[in-house]
Amino acid sequence: MAAKKELTNWGNFPSIEGVSMSFRSNDDLRYLINKNTNAIVRGLGRCYGDSSLAATVFSSAGFNKILDFDAAGATILCQSGVSFADLVDFLVPRGFFLPVTPGTKYITVGGAVASDVHGKNHHVDGSFCNHVSEMSLMLDSGQIVICSRVQNSDLFQATCGGMGLTGVIMTVRFGLKRIASDHIEQVSLKAQNLDEVLQLFEQYRRATYSVAWIDCLQKGKTLGRSILMVGEHASTPPPTTNRTQKLSIPFFLPGWVLNKWSVKIFNFLYFHKQIRKKAKSKVRLDAFFYPLDSILHWNRMYGKKGFVQYQFVLPIGAGKEGLREVLTAIADSGRGSFLAVLKVFGKQDTGIISFPMEGYTLALDFPIQSGLFEFLDQLDLLVKKHGGRLYLTKDSRMSASFFESTYETMGEFKTVLRRWAPLGYWQSHQSNRLAMTKP
Amino acid sequence: MNVLILGAKSDISVALSKSLAREGHHLWLAARDVEFLDSLKSDLQIRYGILVDVIQFDATDFTNHQNWFQSLETLPDVVVTVFGYLGEQQVAETSWDEAQKILNVNFVGAVSILNVVASAFVMAKRGIIVGVSSVAGDRGRQSNYIYGSAKAGLSAYLSGLRNRMWHAGVHVVTVKPGFVATKMTEGLDLPPALTASPEQVAELIAEAIKTKKNIVYARGMWRWIMMIIRLIPESVFKRLRL
Ligand SMILES: Cc1cc2nc3c(=O)[nH]c(=O)nc-3n(C[C@H](O)[C@H](O)[C@H](O)COP(=O)(O)OP(=O)(O)OC[C@H]3O[C@@H](n4cnc5c(N)ncnc54)[C@H](O)[C@@H]3O)c2cc1C
């Protein structure tokens, strides 16, 4: 009955023919595991590339129940398909917030663990898995195992950031942030160039949230021109739920809309909208954390061919020069990016192959056009030269050899897979492309 | 109100239980997969602070339906049957197992449990019964006539039951969904304009309970589509590929 469909994630590239089947209970999933020879789990498909694509996909979207909420202890126990959007609606009126959130709320708890997502508070709170105390996983045998930092800790560490390759994350218990208001006190600061913005990051390192938007077309003295936004949860007024109007981009805009002139204009406007050097404001949680979510399906702006989001991290030591080099290469290419986001990562302790490391991370979008992949291969070389790596959940094109040479802990990860997923049942298009489950 | 939902695992049921929970009703969730029901129970209790009871129920366990219903602590105010099995038409054309399962779940099971419910409601002189049938029962088509005939049986049953129950002060609602985007139809290519979300169907059911509607199509335009389909002369209809 289940028919094949073209499946794509947020970047609309690649497109994989596959069958998606959903589960709502342990029994459902066990049945699916038995009926198929290999598969990957998919949450809300907000990764950009092929991490949750395969010929057989198990969708967790209906496995979305809240199982326990402990207000006194500030923890929650959820099934893996519960979405962050749902949690924000549930938590905020009760005076709580997610401990860590990415730039969209349309992701699942399972996806947050499997990608070990980071937010604007990584430098103070770490990644999402830092707040996970325990989870349960279904193995390819249909057996359910509990894991935490003390129990089956190898499985726990491999599952955090493990891209669904250890098994299906079933339930997750994690800690919550208490908030006194549904607003954020935001400060935005202009930076003329890279040195300035990095200095500002340093100056505001105690701020809970910080992120910078970079105009990627600047060169020379203004290379790295940006706006840094820092934020704290407001202490007033009392929490209420947010209701915002949604705009939607209903169809695919042709690719040319994003040529370098439109990007230039966009960046210019963004930069000059704010005239003063430093501006303070009080904004709603949604506006601060999920500015893009108010335009549903903005990914369609890049046209049918899709786009690639390139997100790399460079270690703190090599960071500044490396950043300058990569930014220069991007500016020179003129391929531009609609969005470029710069963030300073703090120390990272969870996850064997989790993406973050202490240093700088930059994320930018490239519409798929001829010559792009060759250009990105060049960027890869720069990233590698500076000891950096790419974020798997954003990737759709890196090579297996580049991956292997930049993720030094893959050997350790594979040892855990041999113990907990010896049959190689869990495979995505990405894991095959990068030979992640090959012994 | 005490609302008993039979077949509480379906997407429509989940949406319906949320909608009823928001209004503070006491829910009894019944289905085979108790582990699923327990998770739904926690979720509803945590979000809406309502009372939820979970009871295992098998629509095809006909001989036990009487005892099963009598063992409930109190008589519910509303009983909603949502259970159904789409099955595979082509398999059912040659496999009696599949055909029988389709008939048993969609028709025989519903008759079996609703007979019991109806008797209890007649005695109490109150109650609302909601049966979820399907537009597939409005006219048999080659692509799903086994499922369709079971639903046709159910629709006819509900119509007769409504007639009988009216005299006892009991109300019967027939719900006829068209396409609904659920786990049951996952992987089928459904036309968006004609496809309802489980939440839309749930709202219509909740509304029908309040306003005591007789027959509800979900979405509403299906009433007209089916009217046209029923009007096509058989001599023409038999040649169509529907
Ligand atoms: C607009 C936008 C902004 C974003 N901003 C950020 C950001 O700031 N920081 C950041 O870190 N990320 C960011 N992301 C990426 C996003 O947070 C991750 O890709 C996330 O994993 C998506 O979750 P999902 O539920 O959609 O899972 P999917 O995209 O469907 O899957 C992602 C991975 O998780 C695995 N997975 C999903 N569910 C399970 C499960 N139950 N068990 C095991 N494995 C599972 C999949 O197999 C796959 O490998 C952003 C994405 C978008 C679209």
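Values in this document were obtained by computation on a predicted structure and should not be read as measured data. Labels below follow one simple rule: chain letters A, B, ... track the order of the sequence lines, proteins then strands, and each chain is numbered from 1.
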**Q** Which residues from residues 30-49 of chain B are near chain A, with near meaning under 4.5 Å between non-hydrogen atoms?
**A**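 So the qualifying residues are B/Asp33, B/Glu35, B/Phe36, B/Ser39, B/Leu40, B/Ser42, B/Asp43, B/Ile46, B/Arg47.
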**Q** Does anything in residues 22-32 of chain A get under 4.5 Å of chain B by heavy atoms, and if so which residues?
**A**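 If one takes a 4.5 Å heavy-atom cut-off, the residues of residues 22-32 of chain A near chain B are A/Ser22, A/Phe23, A/Arg24, A/Ser25, A/Asn26, A/Asp27, A/Asp28.
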**Q** Going by residue number, which parts of residues 62-72 of chain A are within reach of chain B, meaning a heavy-atom gap below 4.5 Å?
**A**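 From residues 62-72 of chain A, the residues near chain B are A/Asn64, A/Lys65, A/Ile66, A/Leu67, A/Asp68, A/Phe69.
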**Q** Suppose we screen for side chain to side chain contact (heavy atoms under 4.5 Å, CB included). Which residues come up paired with A/Ala55, at least two apart in sequence or across chains?
**A** none
**Q** Please check if the number of heavy atoms outside B/Glu73 that lie under 6.0 Å from its CD is greater than 12.
**A**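 Result for CD/B/Glu73: open.
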**Q** Check the surroundings of atom CD in A/Gln151: do more than 12 heavy atoms from other residues, nucleotides or ligands lie under 6.0 Å from it?
**A**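 More than 12 within 6.0 Å, yes.
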